[in-house]
Amino acid sequence: MSVYYPWKTFEDDEDRPEKPRRYGVTEIRGPQYTLLSQNMLQDIFESMGQFVDGLKFSEGSHSLMPKSFIKEVIDVAHQHDVYVSTGDWAEHLLRKGPSAFKEYVEECKSMGFDTIELNVGSLGVPEETLLRYVRLIKSGGLKAKPQFATRVNKSDIPIGGDIAFGSYVPPTPRSSEFIEDVDLLIRRAERCLEAGADMIMIDADDVCKDFDSLRTDIIAKVIGRLGIEKTMFEASSARTAEWFIKRYGPKVNLFVDHSQVIGLECLRGRNLGKNNPSFLTSSYFLS
């Protein structure tokens with residue numbers, strides 16, 4: 001039995017870079033549906049911290065926890081050179097007024113967060129406002145990671161045609177119809193990168209949430225336009241993680257559950273060769 005890795009040749013002899021890594025990043029999911037205690041996270045970092053680059057408080061879970069606990073978790077992560085991300089929570093600040101986002105950035109900085117993630121779909125703000133948020137995050141000394149989905153509200157798609165400079169453009173009523181527009185995702189992501197964003201997170205929904213329905217066309221287009229070092233994908237299962245490494249090599253950035261870290265690192269490791277069986281034991285790729 002053998003596994004074929006299209007990105008690899010017999011002459012490849014590439015070591016994994018040391019942390020902090022610009023590519024081949026493994027980010028793990030923090031507390032979300034179950035509470036990971038500080039001791040559990042300490043065990044994770046002590047046993048496999050060298051393979052973990054980032055920890056994300058998914059779904060804004062940090063908003064439900066005491067600040068003292070969050071700071072303790074962040075301190076433990078930093079002791080193992082693991083950055084900490086807020087997850088997609090910033091959209092809940094919009095109802096507090098225009099100054100709330102700047103205050104949020106300052107609070108995240110004071111608590112020790114390294115990265116602020118922006119869920120672009122949930123934010124629902126104009127593109128220029130999104131770019132301003134990215135710049136505010138960067139000016140606050142933090143990293144910015146916008147998260148994009150392939151499905152967008154139909155009313156968010158720019159109207160074509162030539163429009164005279166300074167002419168009035170009536171606001172488009174919000175639509176209840178969502179359609180797929182990968183080109184719009186990429187154009188907005190490119191502008192975020194130009195504004196200083198450090199990485200683009202691609203929402204797993206409709207792209208790579210389920211292994212049996214992977215949208216390989218979308219993944220290829222996003223990586224081809226934005227670059228493998230500037231994109232991160234959620235690998236919702238071990239089979240999905242294996243597919244990404246098999247197709248794009250160890251440099252691909254993945255967001256995974258902590259239970260997948262060891263298997264993923266085995267796949268990222270040097271000198272896999274064409275005759276080594278999969279460390280994730282997926283029979284799908286074996287022949």
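Atom NZ of Lys138 has more than 12 neighbouring heavy atoms from other residues, nucleotides or ligands inside a 6.0 Å radius.
Not one N or O on the side chain of Ser122 forms a donor-acceptor pair closer than 3.5 Å with the backbone of Asn119. Between the side chain of Thr129 and the backbone N or O of Val125, no donor-acceptor pair lies under 3.5 Å.
Every residue was checked against the salt bridge (charged side-chain N to carboxylate O under 4.0 Å, His left out) condition with Asp203, not counting sequence neighbours, and none meets it. Not a single ring-ring contact (aromatic ring centres under 6.0 Å, His included) links Phe51 to another residue, sequence neighbours left out. Residues passing the side-chain contact (heavy atoms from CB on, under 4.5 Å) test with Glu229, sequence neighbours excluded: Arg22, Tyr23. For Arg135, there are no salt bridge (charged side-chain N to carboxylate O under 4.0 Å, His left out) partners two or more places apart in sequence or in a different chain. Shown here are the side chain to side chain donor-acceptor pair (under 3.5 Å) partners of Arg215, two or more places apart in sequence or in another chain: Glu180, Asp217.
Under a hydrophobic-cluster definition in which Ile, Leu, Val, Met, Phe, Trp and Tyr are linked whenever side-chain heavy atoms come within less than 4.5 Å, directly or via other members, Leu193 and Met201 are assigned to different clusters. The hydrophobic clustering, which links ILVMFWY residues whose side-chain heavy atoms are closer than 4.5 Å, places Leu131 and Leu136 apart.
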Dump the intermediate steps for side chain to side chain contact (heavy atoms under 4.5 Å, CB included) on Val120 and Gln147, then the final yes or no. CA-CA 6 Å; Val120 177; Gln147 175 179 325; 5.8 Å; no
Steps toward side chain to side chain contact (heavy atoms under 4.5 Å, CB included) verdict (Leu118, Val134): CA-CA 9 Å; Leu118 300 172; Val134 170; 4.1 Å; yes
For Lys145 and Glu27, run salt bridge (Lys or Arg N to Asp or Glu O under 4.0 Å): C-alpha distance rounded to whole Å, both residues' side-chain angles, the deciding distance at 0.1 Å, then the answer. CA-CA 13 Å; Lys145 186 167 69 170; Glu27 183 174 292; 2.8 Å; yes
Evaluate side chain to side chain contact (heavy atoms under 4.5 Å, CB included) for Leu226 paired with Ile186, printing each intermediate quantity in order. CA-CA 7 Å; Leu226 301 180; Ile186 292 173; 4.1 Å; yes
Tell me, with the steps shown, if Phe57 and Val73 meet side chain to side chain contact (heavy atoms under 4.5 Å, CB included). CA-CA 10 Å; Phe57 281 79; Val73 170; 3.8 Å; yes
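Between the OG atom in Ser236 and the CG atom in Asp257 there is a gap of 10.5 Å [rounded to 0.5 Å]. How far NZ of Lys67 is from NZ of Lys71: 7.5 Å, rounded to the nearest 0.5 Å. The distance from atom CD1 of Ile202 to atom CD1 of Ile218, rounded to the nearest 0.5 Å, is 9.5 Å. Interatomic distance, Leu267 CG to Gln260 CD, rounded to the nearest 0.5 Å: 10.5 Å. Rounded to the nearest 0.5 Å, atoms NZ (Lys251) and CD1 (Ile223) are 12.5 Å apart. A distance of 8.0 Å separates CE of Met199 from NZ of Lys143, quoted to the nearest 0.5 Å.
Annotation: side chain of Val207 is in contact with side chain of Ile219 (closest heavy-atom distance under 4.5 Å). Residues Gln79 and Phe45 form no side-chain contact, since every pair of their non-hydrogen atoms from C-beta on lies 4.5 Å or further apart. Between Leu55 and Arg29 the shortest side-chain heavy-atom distance does not fall below 4.5 Å. Side-chain atoms of Lys209 and Thr240, non-hydrogen and from C-beta on, never get closer than 4.5 Å to each other. Looking only at side-chain heavy atoms (C-beta outward), Val25 and Phe255 stay at 4.5 Å or farther from each other. You'll find the side chain of Glu242 stays beyond 4.5 Å of the side chain of Arg239, heavy atoms only. Under the 4.5 Å side-chain criterion, counting only non-hydrogen atoms from C-beta, Leu254 is in contact with Leu264. Put simply, the side chain of Ile200 does not reach to within 4.5 Å of the side chain of Met232, judged on heavy atoms.
Nearest heavy-atom pair across Ile116 and Thr86 is CA-OG1, 3.5 Å. Residue Asp114 comes nearest to Val82 through the heavy atom pair OD2-O, 4.4 Å, listed as atom of the first residue, atom of the second, then distance. Closest approach of Val256 and Val261 over heavy atoms only: CG2-CG2, 4.4 Å. Taking each heavy atom of Ile245 and Val252 in turn, the nearest pair found is CD1-CG1, 3.6 Å. Closest of all the heavy-atom pairs between Ser85 and Glu117 is OG-CB, 4.0 Å. Minimum heavy-atom separation, Asp53 to Gly24: OD2-O, 3.9 Å.
A salt bridge is absent between Glu234 and Lys56; no separation between the charged side-chain nitrogens and carboxylate oxygens falls under 4.0 Å. A salt bridge does not link Lys19 with Asp81: every distance from a Lys NZ or Arg NE/NH1/NH2 to an Asp or Glu carboxylate oxygen is 4.0 Å or more. The residues Asp198 and Lys230 are annotated as not salt-bridged, no charged nitrogen and carboxylate oxygen being separated by less than 4.0 angstrom.
Neither side chain, Thr216 nor Arg247, offers a donor N or O lying under 3.5 Å from an acceptor on the other.
Residues Tyr83 and Phe113 keep their aromatic ring centres 6.0 Å or farther apart.
Classification of the Trp243-Tyr248 ring pair by plane angle, with boundaries at 30° and 60°, yields perpendicular.
Checking Lys109, Met111, Glu103 one by one against Glu107, the side-chain contact (heavy atoms from CB on, under 4.5 Å) holds for a single residue, Met111.
The stretch residues 218-237 participates, sequence neighbours left out, in these ring pair (Phe, Tyr, Trp, His ring centres under 6.0 Å) pairs: Phe233-Phe244.
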